[in-house]
Amino acid sequence: MSFENIQWIWKNGEIMPWADATVHVSAHGLHYGSGVFEGIRCYETPHGAALFRVEEHYKRFHASAEVYNFAIPYSVEELTEATCELISRNEFASCYVRPICFMGSGSLGVFPRNCPVEVSVMAWNWTAYLGAEGLEKGVRITVSPWRKFHSSMMPTTAKACGQYLNSILAVSDAFERGYDEALLLDMNGKLAEGSGENLFVIKDGIIYTNKADDSILMGITRDAAIEIARESGFTVEAKSLELDDLLNADEAFFTGTAAEITPIREIDGRIIGEGKRGSITEKIQTTFFDAVKGRDVRFTKWLHPVGQFVTT
Ligand SMILES: Cc1ncc(COP(=O)(O)O)c(C=O)c1O
């Protein structure tokens, strides 16, 4: 991943050169993580670049902000339009989009008094988050010694900046020990999620994933994978999962905007299923990529063409 060669960024209502979008070191968000963000992918389709489930992402952006009482001064429609304009100006055929809303510079008490709300949207080329090989062959993961925080501590369904320190601890430990990703357990020892992904396990042809009660972010890719799986004739059950369910699974995979649909082939040195991308995972993954790339008419409802806002 690199931020080189990006020309434009959207900040507080206007598109400006990338280099000009700076923030003061006294910004509240920098000190306390007071901000919320999103991750959205834009894919190349036969009809041009298209944003995947952009409305759901910007609705979650607003919902995350509401929990923290940050008032985003732009509607879902305005943010969508701004994103399309930004992608067009950068002339990206496909990209990853990162909207962020954070408390700016004003005061540094913990309560963000008189701090302006800053909103920005960045876009850049970001290929497979867990590697192209991971997408094809599956990734090796480890159970993190860090537990996922419980919803009585922080709102697990919000995508807030400071909350990601929990994920940073988990993924740093996993990398140090030579794994591709961490899996966090919840406060009660049940499976929660990856540092930036939701989890699915497959046993005897049934697909299982956990739920909001299990301290997870309610992923938009998770929701897409459930719909794709059901459309493909599979049974999907949402229930709490134990570590045992993963260790004894025939197949497992992660979902996320960055990670897309990534098979899991090994956990802490124990092989899952045949130690490669399983056949059900492959079917869901293939349908997912057909959906996001506009090749499956059943799912074009999830795509928002960028082109309709092309500026000259
Ligand atoms: C902690 C966490 N869980 C799950 C997900 C997957 O969510 P989505 O599919 O909406 O990207 C993400 C990524 O946004 C995440 O950061």
Side-chain angles (χ1 to χ4, degrees), residues 1 33 35-43 51-65 67 76 83 95-101 122 126 128-130 134-135 139 141 143-144 146-151 153-174 180-187 190-201 209-229 236 238 241 252-262 264 284-285 288-289 291-292 299 302 304:
M1 190 195 89
V36 296
F37 68 99
E38 268 304 319
I40 311 170
R41 274 200 192 260
C42 171
Y43 289 94
L51 287 157
F52 181 64
R53 305 196 73 173
V54 64
E55 190 181 348
E56 287 92 333
H57 279 286
Y58 276 129
K59 280 187 175 162
R60 187 172 67 185
F61 189 49
H62 271 272
S64 300
V67 182
V76 167
T83 304
C95 59
Y96 177 88
V97 178
R98 167 56 54 85
I100 183 166
C101 158
M122 306 159 57
W126 206 1
Y129 182 65
L130 296 175
L135 276 182
V139 290
I141 68 168
V143 175
S144 176
W146 297 99
R147 294 282 171 105
K148 177 75 197 266
F149 51 83
H150 185 256
S151 57
M153 303 165 189
M154 281 195 212
T156 47
T157 52
K159 200 166 166 59
C161 301
Q163 297 184 187
Y164 275 78
L165 286 171
N166 181 232
S167 286
I168 290 171
L169 285 169
V171 77
S172 303
D173 165 74
D180 300 317
E181 180 54 296
L183 175 66
L184 289 86
L185 306 182
D186 76 0
M187 216 172 70
K190 303 219 185 271
L191 304 183
E193 59 184 349
S195 70
E197 305 87 8
N198 292 119
L199 176 73
F200 285 72
V201 301
T209 190
N210 51 10
K211 316 171 280 171
D213 295 350
D214 301 303
S215 304
I216 62 168
L217 180 76
M218 293 302 276
I220 291 162
T221 322
R222 170 189 177 278
D223 184 73
I226 292 173
E227 189 167 333
I228 285 171
V236 184
L241 296 166
F253 62 89
F254 274 142
T255 62
T257 297
E260 299 167 309
I261 293 192
T262 300
I264 300 169
I284 294 167
Q285 191 192 48
F288 173 78
F289 281 117
V292 299
F299 304 111
W302 286 337
H304 182 101

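For ligands, and for the atoms within them, numbers begin at 1 and follow the listed sequence. Just so it is clear, the structure is predicted and the values come from calculations on it, not from any experiment.
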Report the C-alpha separation of Phe52 and Phe299 in whole Å, then their side-chain angles, then the decisive distance to 0.1 Å, and conclude whether the ring-ring contact (aromatic ring centres under 6.0 Å, His included) test is met.
-> CA-CA 10 Å; Phe52 181 64; Phe299 304 111; 9.2 Å; no

Return the set of residues passing ring-ring contact (aromatic ring centres under 6.0 Å, His included) with Trp126 (not counting sequence neighbours), or none when no residue passes.
-> Tyr96, Trp124, Tyr129

By ring-ring contact (aromatic ring centres under 6.0 Å, His included), Phe289 pairs with (sequence neighbours left out) none

Look at the aromatic rings of Phe200 and Phe253 and report parallel, tilted or perpendicular, splitting at 30° and 60°.
-> parallel

State, to 0.1 Å, how close Gln285 and Ile261 come at their nearest heavy-atom pair, and which atoms those are.
-> NE2-O, 2.8 Å

By side-chain contact (heavy atoms from CB on, under 4.5 Å), Ala229 pairs with (sequence neighbours left out) Ile207, Phe234, Val236, Ile284

Under 3.5 Å, N/O to N/O: give me all the pairs between ligand 1 and the protein, one per line with atom names and distance.
| unit_1 | atom_1 | unit_2 | atom_2 | d |
| --- | --- | --- | --- | --- |
| ligand 1 | 3 (N) | Glu193 | OE1 | 2.8 |
| ligand 1 | 9 (O) | Ile220 | N | 3.3 |
| ligand 1 | 9 (O) | Thr221 | N | 2.9 |
| ligand 1 | 9 (O) | Thr221 | OG1 | 2.6 |
| ligand 1 | 10 (O) | Arg60 | NH1 | 2.8 |
| ligand 1 | 10 (O) | Arg60 | NH2 | 3.0 |
| ligand 1 | 10 (O) | Ile220 | N | 2.7 |
| ligand 1 | 11 (O) | Thr257 | N | 2.9 |
| ligand 1 | 11 (O) | Thr257 | OG1 | 2.6 |
| ligand 1 | 14 (O) | Lys159 | NZ | 2.7 |
| ligand 1 | 16 (O) | Lys159 | NZ | 3.3 |
| ligand 1 | 16 (O) | Tyr164 | OH | 2.4 |

